[in-house]
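Chain A is the first sequence line, chain B the second, and so forth, proteins listed ahead of strands; every chain is numbered from 1.
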Number of protein chains: 2
Amino acid sequence: MARAVSSRGGERSRSAARANAPPVDPPAAKPRSLPAEARRAAILSAALEEFCARGYEGARLADVAKRAGVAKGTIYLYFADKEALFQELVRSMVSPVLGALTQLREVDIPARLLIETLLNTFVREVYGTRRRDIIRLILSEGPRFPAIAEFYYREVVGRVLAILRPLLQRAAARGELPGDALARFPQLIVAPMLVAVMWHGLFDKFDPLDVDEMVRAHVDILFAGRTG
Amino acid sequence: MARAVSSRGGERSRSAARANAPPVDPPAAKPRSLPAEARRAAILSAALEEFCARGYEGARLADVAKRAGVAKGTIYLYFADKEALFQELVRSMVSPVLGALTQLREVDIPARLLIETLLNTFVREVYGTRRRDIIRLILSEGPRFPAIAEFYYREVVGRVLAILRPLLQRAAARGELPGDALARFPQLIVAPMLVAVMWHGLFDKFDPLDVDEMVRAHVDILFAGRTG
DNA sequence: ATGCTATGACTGACCAGTCAGTCACCAAGA
DNA sequence: TCTTGGTGACTGACTGGTCAGTCATAGCAT
């Protein structure tokens with residue numbers, strides 16, 4: 001959404017008004033030589049912390065700057081505005097796992113192994129990392145950022161579904177699965193992972209959730225009465 | 001500090017008869033005589049719209065006031081501040097379903113019927129209503145509102161778990177369920193509902209989800225290979 | 001010098017919450 | 001029945017403060 005663009009318009013005339021400006025003292029040495037890419041990464045990393053802790057609207061770019069060890073203006077040398085920073089953050093966190101997805105494409109392993117691998121990978125690579133918070137951010141802020149929602153559907157959710165469905169269909173045909181329910185709704189496989197992500201942020205302190213154990217229970221249910 | 005107010009009063013929850021707020025009110029006549037309870041309800045209803053559309057931080061009380069057909073100051077006659085308004089909104093939406101929960105307590109129906117009833121009730125009373133958006137709000141804003149998260153755990157999640165676990169344990173002992181997986185993690189029953197709620201806000205326009213069908217598929221899986 | 005990057009004070013906009021004033025309503029007196 | 005004065009629910013301009021985004025200036029590198 002972004003609060004309009006605003007503050008457009010040339011306010012050039014201002015400069016004269018500040019004739020008696022305070023003596024600007026630009027002290028301290030600058031760690032200038034830091035590679036541009038590292039600076040970018042530092043800003044993204046700081047943004048991750050702030051957006052996760054406060055949400056999109058609540059996060060302050062001044063805090064991001066301080067955490068990254070740069071001045072506020074520096075952020076604007078690397079990102080067009082707050083929304084662009086947010087979108088790039090999501091992209092930068094999601095992209096690394098996209099590669100892993102396509103690896104699944106051509107394999108043809110037993111359904112149970114496929115699903116166990118998928119869920120354990122999620123627990124290890126998402127639930128056990130900062131990506132868990134990114135998922136929460138996408139879920140929380142997505143409705144107000146159609147661009148993020150679309151990106152995430154196109155690049156992640158849609159791909160996962162497209163890869164899983166034929167695999168599950170074949171597995172069902174082979175009798176490895178109770179029926180075609182999973183092939184029609186692969187979301188049912190991942191649903192408990194969503195619960196885990198949300199539970200962690202909301203209720204873990206009242207009632208901790210053993211995610212590994214839940215995954216095992218879930219797989220047990222999915223394959224109840226079938227051969228492992 | 002806020003002028004008295006404190007927004008006491010029962011959580012009657014009102015039926016929000018005037019659901020969608022009056023778009024404009026004649027500037028001349030003052031609807032003074034409108035009952036206080038109706039005015040309160042109008043503000044809550046408007047707050048629902050605004051908080052759902054923009055999130056807690058993004059929602060503007062001026063917009064809530066306009067939508068409710070009152071002046072901004074009037075909100076503060078009924079609610080202490082923005083946070084109190086948000087909390088009362090959540091409470092007012094959640095409370096009505098608390099009664100339905102305790103009805104489950106003493107019944108001892110077959111597990112499949114129990115779970116089907118639970119899920120269909122959720123689809124009808126939550127997914128099919130504005131409460132769906134409240135769930136999304138709780139999930140989105142909960143991490144930053146410990147009071148909301150705790151309230152929701154204590155009043156809803158914890159109760160549901162406490163009610164379901166013994167019922168599921170007995171059903172498992174009776175052989176109606178594949179094992180004790182569901183009794184240990186009743187979250188697995190509700191997980192697809194969470195997916196449905198989040199999907200609706202994010203991806204429905206790219207890829208609509210047939211929730212009723214998904215529920216059926218889910219129940220099929222839970223009871224695969226068992227007698228209905 | 002020249003062309004970068006970086007800085008942080010500054011600006012305009014915006015918003016939660018306040019409060020002095022308004023006026024619809026009622027009741028008591030004529 | 002017709003003033004008239006009191007009451008407080010309601011109003012919205014205003015305040016104090018916040019924050020995204022800008023830009024004149026300063027430093028580093030070559």
When the side chains of residues 145-155 of chain A are checked against the rest of the protein, which donor-acceptor pairs come out under 3.5 Å, sequence neighbours left out?
unit_1, atom_1, unit_2, atom_2, d
Y153(A), OH, D207(B), OD2, 2.6
E155(A), OE1, R159(A), NH2, 2.8

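Between F203(A) and W199(A), the ring planes are perpendicular. Angles over 60° get that label, and only those under 30° would be called parallel.
Applying the side-chain hydrogen bond (donor to acceptor under 3.5 Å, both in side chains) rule to E49(A) yields the partners R130(A); only residues at least two apart in sequence or on another chain are considered.
K82(A) comes within contact range of the sugar-phosphate backbone alone, with a heavy-atom separation under 4.0 Å but no base atom that close. Looking at heavy-atom distances under 4.0 Å, A59(B) makes contact with sugar-phosphate atoms alone, never a base.
A straight line from CD of E50(A) to C1' of dA20(D) spans 15 Å, rounded to a whole angstrom. Counting to the nearest Å, the P atom of dG21(D) and the CG atom of D63(A) are 15 Å from each other. For the pair E57(B) CD and dA16(C) P, the computed distance is 10 Å after rounding to whole Å. Atom OH of Y56(A) and atom P of dC19(D) are 14 Å apart (whole Å). To the nearest angstrom, C1' of dT7(C) lies 15 Å from NZ of K66(A). Remark: P of dC10(C) and NZ of K72(A) are 13 Å apart, rounded to the nearest angstrom. Summarising the geometry, the separation between CZ on F86(A) and P on dG21(D) is reported as 14 Å, rounded to the nearest angstrom. Rounding to whole angstrom units, CG of residue D81(A) and P of dC19(D) are separated by 18 Å.
Here the shortest heavy-atom pairing between I43(A) and V64(A) reads O-CG1, 3.9 Å.
Nearest nucleotide to the side chain of Y76(A), out of dT11(D), dG17(C), dG21(D): dG21(D). Among the nucleotides dA6(C), dC15(C), dC10(D), the one closest to the side chain of L77(B) is dC10(D). Comparing dT18(C), dC15(C), dG21(D) against the side chain of L61(A) picks out dG21(D) as the nearest. Closest to the side chain of R39(B), out of dG17(C), dC15(C), dT11(D), is dT11(D).
In this model, the phosphate group of dA16(C) is approached by a side-chain N or O of R60(B) to a distance below 4.0 Å at OP1 or OP2. In this model, the phosphate group of dT7(C) is approached by a side-chain N or O of T74(A) to a distance below 4.0 Å at OP1 or OP2.
Within 6.0 Å of the CZ atom in R54(A), the count of heavy atoms belonging to other residues, nucleotides or ligands does not exceed 12.
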